[in-house]
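Remarks on the structure that follows.
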Amino acid sequence: MLRRTHVCLVVFVVGGHRERFGQEQGPVVGACVEALGASSPELKRAATTGIRLLAKHRSNFCTLIRASGSIPALVPLLKSIAPATQESAVTALLNLSLEEENKKPITTAGAKQNAAYALLSLSMIEENHWVIGACGAIPSLVSLLVSDSSRGKNDSLTTLYKLCSVWRNKERAVSAGAVPPLVGLVGERSGGIAEKALVVLGSLAAVPEDKDAVAEAGGIPVLVEAMETGPTAGREFVVHVLLQLAAESPHIQRFLLGEGAIPPLVELS
């Protein structure tokens, strides 16, 4: 029999009262998973919120959540018509995907790419941008940038671009290590991935830490090469990124001069 109190206890626990959690871990997680299939929208929303918070705060919960069968139970909720339930299901799966042992079952279920697509849909609404970032979705979106799925990369790039209209989300993306994989994607020659990566890099380049991160990731020579030999459509994006990086940054300007950025810029002009 489903115990509503167990579901409510989850939110209480992750809210900073873990000392009261005691031996309730198994029953609480089990109750949440059971509630995912409940007919009550309110209970279903509480269950997805509980799993999302547990997966975010404690790695040992991720193992327990996976073992309880939550991954296949969460997947149908990616298409929920209730925004709060859908958002929690998306973020829960992305949080779970950060644990190595969860990657295979999530990939098998097709959940990670579906979650990224659901986040993309949610990010179309501007007022959701802060909430999605605050829920901890950005590190998981960054992890998709190195996936084998072109769809996952495309959805992740588009979602990151939308979310990074909020300054705090730009900082979150840089902190999550978005720059190295974005630099790596600049060399992609299919599906418009390189152009999308450049657009996101251009957005992040406003963050001071990002300028150094691009240089440390070997991004300057990659960008100069893309300006010289890349597709014509992408060169405009490269120039935008370089302008953002060079603005009020003398050491980046010197780096660009040293990498021979002037001749291709003159040619493009």
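Residue numbers run from 1 in the order of the sequence given.
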message: Are Leu120 and Met124 packed together at the side-chain level, in the sense that at least one heavy-atom pair is separated by less than 4.5 angstrom?
response: yes
Donor-acceptor under 3.5 Å (Asp210 side chain, Ala205 main chain): yes
- prompt: Under 3.5 Å, side chain of Ser123 to main-chain N/O of Thr159, donor-acceptor pair present?
  reply: no
- request: Would you mind reporting whether Ile132 and Ile138 have side-chain heavy atoms less than 4.5 Å apart?
  value: no
message: Would you say that Leu141 contacts Asp155 through its side chain, given a criterion of any heavy-atom pair below 4.5 Å between the two side chains?
response: no
- prompt: Does Glu259 CD have over 12 foreign heavy atoms under 6.0 Å away?
  reply: yes
field: Close side-chain approach of Leu93 and Ile71, heavy atoms under 4.5 Å
entry: yes
- request: Could you grab the distance from atom CD of Glu209 to atom OG of Ser175, nearest 0.5 Å is fine?
  value: 7.5 Å
query: For the atom pair CD (Glu195) and CG (Leu185), what is the distance rounded to the nearest 0.5 Å?
result: 11.5 Å
query: Does a side-chain heavy-atom distance below 4.5 Å link Leu198 with Leu223?
result: yes
query: Quick one: CD on Glu267 to CE on Met227, what's the gap to the nearest 0.5 Å?
result: 9.5 Å
task: Please examine the side chains of Pro41 and Thr85, heavy atoms only from C-beta on, and report whether any two atoms are closer than 4.5 Å.
output: no
message: Any salt bridge linking Glu188 with Lys153? Criterion: basic side-chain nitrogen under 4.0 Å from a carboxylate oxygen.
response: yes
field: Interatomic distance, Ile65 atom CD1 to Ser70 atom OG [nearest 0.5 angstrom]
entry: 5.5 Å
field: Partner set under salt bridge (Lys or Arg N to Asp or Glu O under 4.0 Å) for Arg66, not counting sequence neighbours
entry: Glu101
- line: Heavy-atom nearest pair, Val142 first then Pro181, reads CG1-CG, 4.4 Å
- request: Would you confirm whether Ser165, through its side chain, and Lys162, through its main-chain N or O, come within 3.5 Å as a donor-acceptor pair?
  value: yes
task: Ignoring hydrogens and angles, tell me if any N or O in the side chain of Glu228 forms a donor-acceptor pair with the backbone of Pro264 under 3.5 Å.
output: no
- request: Give a yes or no on whether the backbone of Thr158 and the side-chain of Lys196 come within a donor-acceptor separation of less than 3.5 Å.
  value: no
message: Quick check on the hydrophobic clustering: are Val166 and Ile125 connected, directly or via other members, by side-chain heavy-atom contacts under 4.5 Å?
response: no
task: Compute whether any side-chain donor of one residue and acceptor of the other, for Asn169 and Arg172, lie under 3.5 angstrom apart.
output: yes
- prompt: Are side-chain heavy atoms of Leu182 and Leu157 found at a separation under 4.5 Å?
  reply: yes
query: How long is the gap from CG on Leu265 to CG on Leu256, to the nearest 0.5 Å?
result: 8.0 Å
message: Within a 6.0 Å radius of atom CD on Glu225, are there more than 12 heavy atoms belonging to other residues, nucleotides or ligands?
response: no
query: Would a distance-only check, ignoring hydrogens and angles, find a side-chain to backbone donor-acceptor pair under 3.5 Å from Lys211 to Gln244?
result: yes
query: Should Ile220 and Leu245 be marked as a side chain to side chain contact (heavy atoms under 4.5 Å, CB included) after you check the CA-CA gap, both sets of side-chain angles, and the distance that decides it?
result: CA-CA 9 Å; Ile220 303 298; Leu245 291 172; 4.1 Å; yes
- prompt: Measuring from Thr48:OG1 to Arg52:CZ, what's the distance to the nearest 0.5 Å?
  reply: 8.0 Å
